[in-house]
Amino acid sequence: MHIKSEKNRTVELTDVVSECRDVSSLIFRDEETRGAKPGQYLMVWLPGVDEVPMSVSAIDMDGLSRITVRGVGEMTFKLNSLSTGDRVGLRGPFGNGYTVQGDKPLFVAGGSGAASLMPLVEEMHRQGTTPTFVLGARSADMLLFADRLEETLGENLIVSTDDGSRGYSGYASGYAAMLMEEDAFDMVYTCGPELMMAKVYQSARGHGLPIQASLERYVKCAVGLCGNCAIGPYRVCKDGPVFDADMLSEVRSEFGVSQMDASGRLIRVEH
Amino acid sequence: MHIKSEKNRTVELTDVVSECRDVSSLIFRDEETRGAKPGQYLMVWLPGVDEVPMSVSAIDMDGLSRITVRGVGEMTFKLNSLSTGDRVGLRGPFGNGYTVQGDKPLFVAGGSGAASLMPLVEEMHRQGTTPTFVLGARSADMLLFADRLEETLGENLIVSTDDGSRGYSGYASGYAAMLMEEDAFDMVYTCGPELMMAKVYQSARGHGLPIQASLERYVKCAVGLCGNCAIGPYRVCKDGPVFDADMLSEVRSEFGVSQMDASGRLIRVEH
Amino acid sequence: MSKISLAVEVAGLRLRSPLMNAAGVLGMSPPILKRVYDSGAGAVVTKSIGPAPRTGHPNPTLVRVSCGALNAMGLPNPGAEYFVDEIKALKEMGVPVVASFFGGSVEEFAEVASTLSKAGADALELNASCPNVQEELGMLASDAGNVEKVTATVREETRLPLFVKLSPNVTDIKEIAMAAERGGADAITAVNTLKGMAIDINFKRPILTNTTGGLSGPAVKPVALRCVWEVAEAVDIPVIGCGGVTTWEDAIEYLLAGASALEIGTAVMTHGFEVYGQVNEGIRRYLEMNGFSGIKEVVGLAHQIGEEQDSRADRCSIRV
Amino acid sequence: MSKISLAVEVAGLRLRSPLMNAAGVLGMSPPILKRVYDSGAGAVVTKSIGPAPRTGHPNPTLVRVSCGALNAMGLPNPGAEYFVDEIKALKEMGVPVVASFFGGSVEEFAEVASTLSKAGADALELNASCPNVQEELGMLASDAGNVEKVTATVREETRLPLFVKLSPNVTDIKEIAMAAERGGADAITAVNTLKGMAIDINFKRPILTNTTGGLSGPAVKPVALRCVWEVAEAVDIPVIGCGGVTTWEDAIEYLLAGASALEIGTAVMTHGFEVYGQVNEGIRRYLEMNGFSGIKEVVGLAHQIGEEQDSRADRCSIRV
Ligand SMILES: Cc1cc2nc3c(=O)[nH]c(=O)nc-3n(C[C@H](O)[C@H](O)[C@H](O)COP(=O)(O)OP(=O)(O)OC[C@H]3O[C@@H](n4cnc5c(N)ncnc54)[C@H](O)[C@@H]3O)c2cc1C
Ligand SMILES: Cc1cc2nc3c(=O)[nH]c(=O)nc-3n(C[C@H](O)[C@H](O)[C@H](O)COP(=O)(O)OP(=O)(O)OC[C@H]3O[C@@H](n4cnc5c(N)ncnc54)[C@H](O)[C@@H]3O)c2cc1C
Ligand SMILES: Cc1cc2nc3c(=O)[nH]c(=O)nc-3n(C[C@H](O)[C@H](O)[C@H](O)COP(=O)(O)O)c2cc1C
Ligand SMILES: Cc1cc2nc3c(=O)[nH]c(=O)nc-3n(C[C@H](O)[C@H](O)[C@H](O)COP(=O)(O)O)c2cc1C
Ligand code: FES
Ligand code: FES
């Protein structure tokens with residue numbers, strides 16, 4: 001009954017590295033996180049501030065793990081202003097994580113989505129698969145993990161920016177749609193802004209491709225009890241965050257459309 | 001933290017067999033008891049009557065286990081009047097149990113002591129050792145497990161009765177003292193009336209022999225918390241019931257002398 | 001052999017199974033509650049709904065502890081008006097709905113009860129006991145007079161079966177249960193969480209933003225079971241057991257203690273939605289093996305023998 | 001580097017370690033209590049001693065439950081007169097002794113306190129809270145007036161440090177703690193067991209002869225810790241924490257919550273006598289790693305930050 005990874009603990013940051021504009025990685029040693037699956041997340045606590053979900057963006061790199069945080073509000077700005085030696089509280093890893101599937105997978109990431117997909121890329125690469133990866137951002141300085149991905153994937157990495165400041169000009173979802181047209185993928189993974197993922201899902205469906213998308217909802221308990229992270233009959237915190245095509249189809253009236261706020265009211269998905 | 005064997009459960013008696021005057025064995029199927037060590041005991045509950053300690057007298061005989069009860073008071077009389085299909089409550093097995101030791105062990109049993117020693121005899125026999133066993137009782141009809149022991153031990157079983165109605169006439173402890181004089185044992189096991197065990201302990205000490213004796217004290221919690229079963233610094237329920245020579249020496253001012261009653265007052269050991 | 005029915009009737013509400021989810025557990029949205037129902041529950045209980053939207057306390061709102069969880073969600077809810085549609089949606093899906101609710105004053109309790117009744121709920125559960133929120137009524141559940149008053153006022157607003165859910169954090173739960181009965185409650189739900197806390201030894205501060213929170217799960221089962229036992233002896237209305245029910249054996253203990261139905265919350269954390277089906281199945285097997293023809297025959301059975309037991313318990317004086 | 005001292009002073013009593021056994025756990029006889037002391041405790045607490053010998057309740061008196069135990073021993077004890085020699089024996093062995101005691105009336109409390117004081121105990125712990133016995137004083141620990149009266153009467157009988165041990169089975173433990181303080185208590189021990197029960201589903205009856213019993217062990221820790229927190233805020237005298245302490249992390253939580261010393265009971269069931277040494281060692285490492293020079297510096301530390309936390313907790317209204 002007593003699941004060690006679900007217990008609160010604190011870790012000291014061994015390093016904080018800036019990844020791109022507004023995004024930093026916090027690096028720490030934590031036994032429980034070493035056992036994470038790609039796609040799982042931690043609940044990260046700063047006393048007096050907040051506790052929020054953050055994907056594990058590197059699992060057991062020489063015993064160290066990471067989260068990678070995009071500053072969007074009070075908590076994430078404070079996380080990004082931490083430095084080596086500071087402490088954060090952790091619970092987890094939680095969630096289902098991705099399932100490794102397909103010989104020729106296509107990845108589509110936007111925003112901080114690469115944080116969650118990166119460990120999966122690394123695991124597949126270790127297993128001998130080199131995915132095709134479309135990495136999108138608004139502009140060149142906001143591309144997350146472009147270097148780390150390029151190192152692993154070489155020319156299988158395709159970069160796109162909304163403003164054309166690097167790589168292809170336009171949305172990652174658009175480029176991904178084009179690729180699905182041209183090439184015979186057997187699996188699609190996506191993580192990023194929900195409106196992007198909704199488009200990727202449409203394209204994958206159009207080509208009859210299986211898909212796994214990592215969703216975000218307002219997470220409180222992270223253990224599947226409070227129901228605040230619900231989308232349709234699923235709890236993002238526990239049944240997700242990774243949804244497959246069947247689950248996405250079941251929640252299609254909400255996916256890319258509406259989400260619950262902290263009070264349980266439905267609000268629009270804005271991006 | 002959650003030890004299955006310590007949880008309350010009930011079993012249905014598959015059989016009740018009379019062993020000798022005043023003594024019956026209750027036979028039942030219980031997963032936890034199958035894993036018992038010789039010398040361990042169960043807490044046996046009859047609702048509205050009492051819950052008392054009873055040694056496991058047969059471990060996993062074709063999946064079945066036994067306790068063997070001498071009627072001495074309300075609870076034991078009621079236990080012995082149960083029949084097939086009746087239920088008793090169980091907790092345990094508890095206690096340390098015997099340690100298998102010695103190539104040429106001497107066993108000394110009196111009263112219902114054979115109940116606790118029998119599974120040890122069977123285990124040692126399986127391992128290729130045939131102990132010498134002195135089985136004492138007041139009279140022939142009170143000899144416990146004489147047949148079962150004879151089957152296993154053949155002429156290594158020596159029977160003694162206080163009234164001479166079978167085997168040697170006199171106390172088992174006296175006969176055991178004589179044997180220790182004559183023969184070179186390397187281990188002594190004893191279970192039975194405490195005054196008998198105290199004598200066996202004296203003899204063993206005299207011959208510099210290691211000993212294991214199974215003690216009885218008033219057991220309430222059986223998990224080492226309440227302190228009611230204390231003898232010296234030890235808890236019979238948890239540190240015991242089996243005491244080795246060092247422990248016996250440490251508690252010599254109480255062993256065979258005094259014991260705590262249910263209120264924590266010391267009273268005399270009467271037999 | 002036809003399967004034994006698990007149907008029960010609680011305060012006029014007929015349910016196919018005695019199991020419900022505990023209020024606040026998975027009770028935010030219709031599709032999730034539908035899933036609870038599809039997993040085997042006889043009815044679903046909503047999150048406690050108040051008069052106005054609340055976000056609840058900021059995170060952290062949940063901490064795992066030994067054999068349980070501490071939570072201080074702070075009664076997040078979208079407000080009664082908003083929730084009307086959610087209840088209607090559930091009713092359209094054919095799910096029996098118990099609407100849990102609270103207020104900060106007697107009037108608010110009445111107002112919310114009225115709104116939720118009109119929305120079509122099948123029963124109401126008055127949450128008199130949330131340890132995480134104290135408004136005008138203070139710790140309502142510890143004041144028998146207030147419990148009676150609130151219950152009576154709500155009683156006038158609705159003809160639905162009215163459950164009153166009590167807190168275990170009181171000196172004498174029997175007294176409060178009797179007050180609710182006097183106020184017109186149709187059933188008592190026993191119990192809400194035990195007030196507890198957890199401290200982070202590195203940050204050297206309470207983990208929950210609210211400092212204290214409610215303990216739930218197997219850790220509280222012996223206490224909640226005792227509450228059900230005591231309440232069942234104190235009142236004539238049915239008791240709905242809640243607190244740490246995880247296995248079918250737990251469920252049987254509650255039925256024997258006098259519960260007519262059960263709410264299961266924290267077990268979903270460890271056993272998933274499957275817990276409802278598993279407990280149903282276990283209860284069914286138990287009924288069969290013990291020759292009972294329905295749940296009703298089991299309810300309160302342990303009290304009969306309990307009295308004989310009591311007399312033995314008095315033998316504390318010297319008898320050796 | 002010299003080892004950091006674990007010494008504490010509680011109500012004038014100087015102890016080499018903040019740990020004691022919990023009353024009633026292993027407290028029947030001097031040699032066992034000596035073993036507790038040798039295992040690392042700073043003092044030992046006796047079984048609760050009453051005016052006359054009692055055998056306690058007939059078995060079953062203990063049931064294992066999830067993360068804990070339920071017990072209804074029924075205060076077995078050999079009586080104060082008899083126990084005088086046991087205290088003397090402990091003192092001769094050099095063991096600091098806290099004598100726990102109870103009575104069925106105010107006079108009996110005073111009488112027993114006087115006997116145990118004269119026997120040479122180092123401190124007294126007034127057990128105001130055993131949920132398993134109700135004599136003339138009823139459930140003493142839930143009545144602030146009675147607690148004050150009993151404490152004040154005992155206060156006049158003894159100059160020894162006087163701890164008053166409270167029950168968590170009350171609506172407001174702060175009120176009871178303040179009553180004990182007013183009555184002249186030198187410290188509050190918080191807390192005794194939570195009232196609970198267990199039912200056997202085959203025999204269909206309560207397992208404990210006494211029907212209900214006291215829940216202890218990890219299951220109660222969050223509740224007991226909250227009690228310590230609340231009592232520490234309510235009184236100026238020291239608090240002795242008790243309830244589910246099993247690991248050194250638990251111990252630190254209690255110290256941070258405001259406990260100056262700790263009693264450990266049920267953990268002996270799962271961790272043996274070694275628990276005292278293990279917790280001592282863990283506390284020592286924690287002090288070292290956090291740069292503290294003694295236990296005193298840790299006591300109550302979590303309260304300072306607690307206030308800032310409270311203000312955030314009020315943000316329950318809509319903020320999205
Ligand atoms: C499973 C999962 C994994 C995530 N992984 C990452 C990641 O690897 N890197 C990253 O930068 N971000 C990640 N996020 C998003 C991250 O949790 C939010 O950006 C963060 O909570 C914002 O907090 P804030 O105080 O800075 O912003 P706020 O000003 O509080 O809010 C900004 C946005 O964040 C959302 N948010 C706030 N609190 C929560 C919460 N408890 N749960 C979910 N959303 C919340 C708000 O709804 C709002 O949309 C993940 C979210 C989820 C659900
Ligand atoms: C570890 C251990 C193993 C035992 N194994 C066996 C066995 O295999 N077969 C067997 O016949 N007997 C065994 N006994 C003894 C048995 O427990 C007692 O004979 C029984 O409890 C008597 O109960 P009663 O109600 O019949 O007698 P009572 O009239 O209650 O008392 C008779 C005697 O039994 C003692 N007794 C009563 N209750 C307890 C108790 N809870 N714990 C210990 N002693 C108690 C009394 O002190 C008294 O000396 C064992 C005892 C212990 C401690
Ligand atoms: C996350 C969570 C939220 C809860 N919210 C509520 C609530 O809104 N209203 C309520 O009456 N009880 C609430 N409770 C208490 C439960 O309904 C239930 O009484 C308690 O958890 C004990 O049952 P359990 O051990 O089965 O979880 C909540 C419990 C949890 C764990
Ligand atoms: C077997 C047992 C006997 C107890 N007897 C007493 C007692 O005599 N007096 C008392 O004040 N508390 C008694 N208690 C309660 C403990 O002192 C303690 O308050 C409680 O068990 C919680 O602490 P723990 O979780 O560390 O055991 C007893 C507890 C147990 C388990
Ligand atoms: S966050 Fe509570 S159920 Fe998902
Ligand atoms: S019987 Fe309780 S300690 Fe042994």
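Per chain, numbering begins at 1; letters A, B, ... match sequence-line order.
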Q: Given a strict heavy-atom distance threshold of 4.5 Å, which part of B:Asn8 is in contact with chain D: side chain, backbone, both, or neither?
A: side chain
Q: Does a side-chain heavy-atom distance below 4.5 Å link D:Thr61 with D:Asn71?
A: no
Q: With a 4.5 angstrom heavy-atom cut-off, could you sort out which part of B:Met75 is near chain D: side chain, backbone, both or neither?
A: neither
Q: Which one of D:Val95, D:Leu90, D:Val97 satisfies the side-chain contact (heavy atoms from CB on, under 4.5 Å) criterion with D:Asp122?
A: D:Val97
Q: Compute both the distance and the angle, then confirm whether D:Arg16 meets the cation-pi test with D:Tyr37: under 6.0 Å from the six-membered ring centre, within 45 degrees of the axis.
A: yes
Q: Based on non-hydrogen pairs under 4.5 Å, which of D:Pro78, D:Gly68, D:Ser29 is most in contact with chain B?
A: D:Pro78
Q: Output yes when B:Asp239 and D:Arg35 qualify as a salt bridge under the 4.0 Å nitrogen-oxygen rule, no when they do not.
A: yes
Q: Non-hydrogen atoms of chain B under 4.5 Å away: do they reach the side chain of D:Phe273, the backbone, both or neither?
A: side chain
Q: Go through the side-chain N and O atoms of B:Glu123 and B:Tyr98 and say whether any donor and acceptor fall under 3.5 Å apart.
A: no
Q: Where on B:Arg91 is there a heavy atom nearer than 4.5 Å to chain D: the side chain, the backbone, both, or neither?
A: side chain
Q: Given that the side chain runs from C-beta out, which part of B:Val88 has a heavy atom under 4.5 Å from chain D: side chain, backbone, both or neither?
A: backbone
Q: Under 4.5 Å from any heavy atom of chain D, what part of B:Leu266 do you find: side chain, backbone, both or neither?
A: both
Q: Which atoms of B:Val219 come close to chain D, meaning under 4.5 Å heavy atom to heavy atom: side chain ones, backbone ones, both, or neither?
A: backbone
Q: Could you tell me whether B:Glu254 and B:Arg217 have a side-chain N and a carboxylate O separated by less than 4.0 Å?
A: no
